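A short write-up of the structure that comes next.
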Amino acid sequence: MRALAHLNKYLWHYKWRIFFGIVFIIASNVFAIYAPRMIREAFDLIAESIKAYQSGNYQDFELTLPVTVRYIYEFLKIDQGGYQNITSTDQLAEVITRLSLILAGLYLLAALLKGIFLFFTRQTIIIMSRLVEFDLKNEIFDHYQSLSLAFYKRNNTGDLMNRISEDVNKVRMYLGPAIMYSINLVVLSALALYAMFSVNVELTLYVLIPLPILSISIYYVSSLINSRSEKVQRQQSHLSTLVQEAFSGIRVLKAFNRQRATQDHFEKACNTYKVDSLRLVKVDALFMPAIILLIGLSTIIAIYVGGVKAIAGEITIGNIAEFVIYVNMLTWPFASIGWVTSLVQQAAASQERINEFLHTEPKIKNTNPTPAEIKGKIEFSDVSFVYPDSGITALNKIDFSVSKGETLAVIGRTGSGKSTIANLICRNFDASSGQVKIDGNSIKDVNLDELRRAIGYVPQDVFLFSESISNNILFGVENPDNPDEVVRHAAREAHVLHNIEEFPRKFETMLGERGINLSGGQKQRVSIARAIAPNPKILIFDDCLSAVDTETEEIILGNLQKIMKDRTTILISHRVSTVELADKILVLDRGEIIERGNHRELIQKGGVYFELYQKQLQENKKVEQE
Ligand SMILES: Nc1ncnc2c1ncn2[C@@H]1O[C@H](COP(=O)(O)OP(=O)(O)OP(=O)(O)O)[C@@H](O)[C@H]1O
Ligand SMILES: [Mg+2]
């Protein structure tokens with residue numbers, strides 16, 4: 001339960017809505033409780049009239065009338081002056097008809113007012129719960145974004161999604177319906193019990209006997225419903241994952257001819273879903289009958305015990321009618337005790353799951369609140385890095401420095417730690433030992449927003465959003481003055497402009513699911529355009545030319561020369577042809593620098609770099625001959 005305390009700040013924020021919600025609940029219940037009284041008086045009026053008719057004595061008729069009716073009667077007498085002396089049955093009938101009609105009118109009025117206030121109750125409390133839902137979702141999403149990459153490695157996407165959707169929804173059920181019905185229960189029970197006890201204590205006690213049983217059994221039924229529907233939900237999300245994977249991997253699926261097997265797999269999962277759903281329907285079906293059975297029981301008690309008491313003259317026939325209505329009125333609040341209890345339990349469990357994430361501190365924190373311009377010098381001194389989850393030592397005692405405007409190339413075999421260097425410069429992770437410095441300051445002391453703003457990063461695995469090309473390129477640009485010009489310029493430099501211009505919708509071409517699929521090389525170039533569009537001080541190209549042919553690579557590198565001129569550039573690649581032009585080249589192997597220098601020096605040295613160069617040269621020749 002303590003988990004729910006997290007929500008108190010929101011409740012406090014929306015305190016006025018809750019306050020008015022309570023006022024409206026009280027108002028609606030006051031009118032609700034008024035209705036049975038009208039019924040009682042109508043019954044008693046009829047009973048008294050029959051007595052008066054049978055005895056033929058109309059003199060004392062007035063005195064036997066129930067309170068409200070008598071009041072109306074007096075009022076009519078003054079107003080119309082015709083009822084002082086009822087002398088005939090016709091007159092009696094007329095008076096009774098009028099009084100009954102007025103009672104019916106009052107009953108309707110009370111029902112109407114009750115309805116109006118109920119509407120306002122929902123408008124305040126349920127809306128409050130929706131507002132908190134909105135706030136909470138934003139709080140969670142905001143926090144998600146601040147968490148470091150290591151967090152995302154540990155937790156799967158389904159889990160993240162569930163906490164922001166399913167779990168928040170359960171919490172909303174606590175904030176809205178659960179709070180509303182709890183207040184309603186308290187107010188209505190107090191009013192109804194007061195009315196009932198003032199009629200007859202013993203009858204009230206008898207009638208109340210089944211209600212706690214009702215609460216308890218509804219609690220069990222709801223818990224059962226919840227646990228089963230949770231199972232159905234899990235199966236449902238399993239199904240959607242299956243379908244989603246099948247569709248996004250449809251090419252692989254068809255290429256490997258696995259349609260049959262996938263179908264079987266789906267059918268099996270679907271069957272589990274069906275079985276679970278049917279189990280849920282079974283308990284669902286119990287809910288209403290359980291309520292109706294117990295109302296029936298209370299009604300029978302009200303009529304039987306009430307009948308005995310009416311015969312004994314302790315209460316009137318009208319009281320029995322009134323009680324039957326009270327019992328019906330109390331049924332739902334008492335049933336809701338069970339329902340609400342199970343709602344609150346679920347909400348607490350959900351909030352605990354949400355809190356678990358909300359209380360996860362981001363590993364990478366911004367310790368410097370004042371943004372200062374970054375010039376672009378990067379230094380690694382004795383940097384080692386071990387991936388926290390796998391324990392793999394990706395970098396071992398790395399030392400280098402790149403001045404502002406210089407180009408540093410990193411080359412090496414797959415898995416040698418090249419991307420890890422990029423990760424450390426972007427501060428996706430912090431070094432396990434040693435220091436990464438930017439402009440001479442430890443990277444941990446650099447304002448994080450400013451650092452990220454200063455870096456144009458082209459990741460190794462290209463990710464583009466399902467958006468228009470221009471929105472993708474503008475992704476990192478804050479408030480561009482002339483967006484069209486920025487987009488065109490970046491696309492031209494990345495050598496993708498001519499491709500884009502061939503598309504019918506040009507820069508407005510949508511990418512991804514509902515749009516066009518770019519080729520691997522085109523994607524890489526859009527990704528390069530995105531990195532250079534914000535005009536960053538530091539450029540990091542992680543193997544970003546692997547999917548383009550050597551000719552295109554040359555053109556792009558030629559274009560980039562201009563851009564790289566006064567920016568610090570980290571150029572990661574497998575290919576010698578890419579890194580040739582760099583001021584400094586590091587050759588990495590198993591996390592260690594095994595050679596360093598510029599192209600000429602490394603060729604002269606005749607080491608690993610030289611071998612690589614020759615091998616790739618021959619390959620290129622072979623390609624040309626073919
Ligand atoms: N997120 C991660 N968690 C755990 N280990 C990782 C992670 N990323 C990389 N590694 C490991 O760290 C080592 C270095 O990986 P890195 O991605 O830096 O290599 P790379 O030189 O970029 O290789 P490639 O040329 O294939 O891109 C590898 O052994 C890899 O398995
Ligand atoms: Mg890599």
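Only heavy atoms go into these numbers, but all of them, side chains included; no hydrogens, no water, no symmetry mates. Predicted model, so just to flag it, every value in this text is computed and none were measured. Counting starts at 1 for both ligands and their atoms, in listed order.
For the 3.5 Å distance criterion, the side chains of D542 and S419 qualify, holding a donor opposite an acceptor. N396 and E592 are linked by a side-chain donor-acceptor pair at a separation below 3.5 angstrom, with hydrogens and angles left out of the test. Side-chain contact of Q351 with N355: a donor-acceptor pair under 3.5 Å is present, judged by distance alone. Remark: the Y387 side chain and the T420 side chain contain an N/O donor-acceptor pair separated by less than 3.5 Å. Side chain to side chain, R525 and N499 meet the donor-acceptor criterion of an N or O pair below 3.5 Å. A donor-acceptor contact closer than 3.5 angstrom links the side chains of E139 and Y10.
With respect to R488 and E501, a salt bridge is recorded, a charged nitrogen being found less than 4.0 Å from a carboxylate O. Taking the charged nitrogens against the carboxylate oxygens, E450 and K537 have no contact shorter than 4.0 Å, which rules out a salt bridge. One finds a salt bridge joining D264 and R260 here, because a Lys/Arg side-chain nitrogen approaches an Asp/Glu carboxylate oxygen to under 4.0 Å.
Listed by number with element, the atoms of ligand 1 under 4.0 Å from a non-hydrogen atom of A394 are 12 (O), 13 (C), 14 (C). Close contacts of ligand 1 with T420, meaning ligand atoms under 4.0 Å from a residue heavy atom, involve 14 (C), 15 (O), 16 (P), 18 (O). Under a 4.0 Å criterion applied to the non-hydrogen atoms of Q460, ligand 1 contributes the atoms 24 (P), 27 (O). Under a 4.0 Å criterion applied to the non-hydrogen atoms of H574, ligand 1 contributes the atoms 25 (O). Heavy-atom contacts of S419 reach the following atoms of ligand 1: 17 (O), 18 (O), 20 (P), 22 (O), 27 (O) (cutoff under 4.0 Å).
At least one heavy atom of G415 sits closer than 4.0 Å to an atom of ligand 1. Heavy atoms of D543 stay at 4.0 angstrom or farther from ligand 1.
Here Q460 reaches the Mg ion (ligand 2): one of its N/O/S atoms is less than 2.8 Å from the metal. Using a cut-off of 2.8 Å, one finds that T414 contributes no N/O/S atom close to the Mg ion (ligand 2).
In terms of protein heavy atoms, atom 29 (O) of ligand 1 is closest to I392 CG2, 3.7 Å. From the protein, the heavy atom lying nearest to atom 25 (O) of ligand 1 is K418 NZ, 2.7 Å. For atom 9 (C) of ligand 1, the nearest protein heavy atom (residue, atom name, distance) is Y387 CE1, 3.4 Å. For atom 1 (N) of ligand 1, the closest heavy atom belonging to the protein is K153 CE, 2.9 Å.
Between F429 and ligand 1, not a single N/O pair is under 3.5 Å apart.
Ranked by closest heavy atom to atom 26 (O) of ligand 1, the top entry among L395, T414, I572 is T414. Around atom 4 (C) of ligand 1, the closest heavy atom drawn from S573, P388, S390, A422 belongs to S390.
Atom CZ of R575 is surrounded by more than 12 heavy atoms from other residues, nucleotides or ligands within 6.0 Å.
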